[in-house]
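Take a look at the structure set out below.
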Amino acid sequence: MKLPVIDFESITQGQLEIYFRHFRELGGKDEGIGLVEWAGAMVRAAVKSGWLELDVDNTNPKDIQAIQREIQKYVASVLEFDPKN
(Lines give C-alpha, C1' and ligand atoms only; values in the text may rest on other atoms or scores of the structure.)
Protein backbone atom coordinates (compact mmCIF):
# COMPACT_ATOMS: atom_id res chain seq x y z
CA MET A 1 0.00 0.00 0.00
CA LYS A 2 1.18 3.49 -0.78
CA LEU A 3 0.95 5.44 2.45
CA PRO A 4 -1.35 8.46 2.44
CA VAL A 5 0.37 11.82 2.65
CA ILE A 6 -0.56 14.36 5.29
CA ASP A 7 0.04 18.00 4.36
CA PHE A 8 1.60 18.98 7.66
CA GLU A 9 2.58 22.44 6.36
CA SER A 10 -1.08 23.47 6.06
CA ILE A 11 -2.11 22.45 9.60
CA THR A 12 -3.16 25.42 11.72
CA GLN A 13 -3.03 25.84 15.50
CA GLY A 14 -6.77 25.26 15.71
CA GLN A 15 -6.55 22.08 13.64
CA LEU A 16 -3.73 20.76 15.82
CA GLU A 17 -5.77 21.41 18.96
CA ILE A 18 -8.74 19.56 17.43
CA TYR A 19 -6.42 16.67 16.57
CA PHE A 20 -5.24 16.39 20.17
CA ARG A 21 -8.85 16.48 21.46
CA HIS A 22 -9.70 13.61 19.10
CA PHE A 23 -6.55 11.75 20.14
CA ARG A 24 -7.50 11.94 23.82
CA GLU A 25 -11.08 10.82 23.03
CA LEU A 26 -9.76 7.82 21.12
CA GLY A 27 -7.62 6.54 23.96
CA GLY A 28 -4.51 8.68 23.67
CA LYS A 29 -4.79 9.73 27.30
CA ASP A 30 -4.55 6.14 28.53
CA GLU A 31 -0.91 5.57 29.40
CA GLY A 32 -1.62 1.87 29.95
CA ILE A 33 -2.33 1.07 26.32
CA GLY A 34 0.26 -0.60 24.12
CA LEU A 35 2.10 0.80 21.13
CA VAL A 36 -0.29 -0.77 18.62
CA GLU A 37 -3.32 0.86 20.24
CA TRP A 38 -1.43 4.14 20.71
CA ALA A 39 -0.54 4.25 17.01
CA GLY A 40 -4.12 3.39 16.08
CA ALA A 41 -5.42 6.25 18.23
CA MET A 42 -2.97 8.69 16.63
CA VAL A 43 -3.94 7.69 13.10
CA ARG A 44 -7.67 7.59 13.90
CA ALA A 45 -7.39 11.10 15.34
CA ALA A 46 -5.75 12.24 12.09
CA VAL A 47 -8.61 10.71 10.11
CA LYS A 48 -11.25 12.21 12.42
CA SER A 49 -9.51 15.60 12.12
CA GLY A 50 -9.65 15.43 8.33
CA TRP A 51 -5.88 15.16 7.83
CA LEU A 52 -6.24 12.00 5.76
CA GLU A 53 -8.76 9.45 4.55
CA LEU A 54 -8.04 5.89 5.62
CA ASP A 55 -9.87 2.81 6.86
CA VAL A 56 -7.67 2.33 9.92
CA ASP A 57 -9.28 -0.95 10.98
CA ASN A 58 -8.49 -2.60 7.65
CA THR A 59 -4.99 -1.17 7.16
CA ASN A 60 -1.84 -3.19 7.70
CA PRO A 61 -0.49 -2.53 11.22
CA LYS A 62 2.98 -1.79 9.82
CA ASP A 63 1.46 0.97 7.68
CA ILE A 64 -0.33 2.40 10.73
CA GLN A 65 3.00 2.43 12.58
CA ALA A 66 4.65 4.27 9.67
CA ILE A 67 1.89 6.91 9.54
CA GLN A 68 2.04 7.29 13.32
CA ARG A 69 5.78 7.90 13.17
CA GLU A 70 5.22 10.70 10.63
CA ILE A 71 2.58 12.30 12.85
CA GLN A 72 4.86 12.02 15.85
CA LYS A 73 7.77 13.61 13.93
CA TYR A 74 5.49 16.49 12.97
CA VAL A 75 4.31 17.04 16.55
CA ALA A 76 7.92 16.93 17.80
CA SER A 77 8.88 19.55 15.21
CA VAL A 78 6.12 21.85 16.46
CA LEU A 79 7.50 21.60 19.99
CA GLU A 80 11.13 22.25 18.99
CA PHE A 81 12.65 25.57 19.97
CA ASP A 82 12.84 27.94 17.00
CA PRO A 83 15.32 30.76 17.59
CA LYS A 84 13.55 32.84 14.90
CA ASN A 85 10.39 33.09 17.03
Side-chain angles (χ1 to χ4, degrees):
M1 172 180 131
K2 182 178 179 190
L3 295 180
V5 176
I6 299 173
D7 182 9
F8 291 112
E9 292 300 315
S10 69
I11 294 173
T12 65
Q13 176 69 27
Q15 291 168 331
L16 187 58
E17 290 177 15
I18 288 168
Y19 168 81
F20 277 110
R21 277 194 290 274
H22 292 315
F23 180 56
R24 285 190 304 274
E25 290 168 6
L26 292 165
K29 66 181 177 185
D30 183 359
E31 294 156 357
I33 66 175
L35 184 57
V36 170
E37 293 167 297
W38 182 270
M42 286 189 85
V43 176
R44 282 185 179 88
V47 170
K48 192 170 181 179
S49 298
W51 292 5
L52 70 147
E53 291 183 26
L54 184 70
D55 179 358
V56 176
D57 289 337
N58 292 305
T59 299
N60 184 301
K62 290 181 181 182
D63 293 335
I64 296 299
Q65 292 293 324
I67 296 166
Q68 178 268 335
R69 282 190 298 273
E70 291 301 312
I71 295 169
Q72 200 150 4
K73 278 193 246 177
Y74 166 72
V75 171
S77 75
V78 169
L79 299 175
E80 287 176 354
F81 174 72
D82 184 353
K84 295 181 286 183
N85 292 329

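Note that the structure is a prediction, hence the values are computed from the model and not measured.
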Following the transitive rule for hydrophobic clusters with a side-chain heavy-atom cut-off under 4.5 Å over Ile, Leu, Val, Met, Phe, Trp and Tyr, establish whether [X] and [Y] coincide in one cluster.
{"X": "Leu79", "Y": "Ile18", "result": "no"}
{"X": "Trp38", "Y": "Val36", "result": "no"}
{"X": "Ile6", "Y": "Phe20", "result": "yes"}

Applying side chain to side chain contact (heavy atoms under 4.5 Å, CB included), run through Asp63 and Val43 and close with a yes or a no. CA-CA 10 Å; Asp63 293 335; Val43 176; over 6 Å; no
Should the pair Tyr74 and Phe8 be assigned to parallel (<30°), tilted (30 to 60°) or perpendicular (>60°) ring geometry?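 Parallel.
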Describe, in one word, how the ring planes of Phe23 and Tyr19 are oriented to each other, choosing from parallel (under 30°), tilted (30 to 60°) and perpendicular (over 60°). parallel
For [X] against [Y], the heavy-atom pair lying closest together:
{"X": "Leu52", "Y": "Ala46", "answer": "CD2-CB, 3.3 Å"}
{"X": "Gln65", "Y": "Ala39", "answer": "NE2-CB, 3.4 Å"}
{"X": "Leu3", "Y": "Ala66", "answer": "CD1-CB, 3.5 Å"}
{"X": "Leu26", "Y": "Ala45", "answer": "CD1-N, 3.5 Å"}
{"X": "Lys62", "Y": "Asn60", "answer": "N-OD1, 2.7 Å"}
{"X": "Gln15", "Y": "Trp51", "answer": "O-CZ2, 4.1 Å"}

Distance in Å, [X] [atom1] paired with [Y] [atom2], rounded so as to fall on 0.5 Å steps:
{"X": "Glu25", "Y": "Arg21", "atom1": "CD", "atom2": "CZ", "value": "8.5 Å"}
{"X": "His22", "Y": "Glu17", "atom1": "NE2", "atom2": "CD", "value": "12.0 Å"}
{"X": "Ile11", "Y": "Leu16", "atom1": "CD1", "atom2": "CG", "value": "7.0 Å"}

Indicate yes or no for a side-chain donor-acceptor contact from Glu70 to the backbone of Ile67 under 3.5 Å, with no hydrogens or angles considered.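 No, the answer is negative, given that no donor and acceptor are paired below the 3.5 Å cut-off.
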If you define the side chain from C-beta out and look only at heavy atoms, does anything of Arg44 sit under 4.5 Å from Asp57? yes
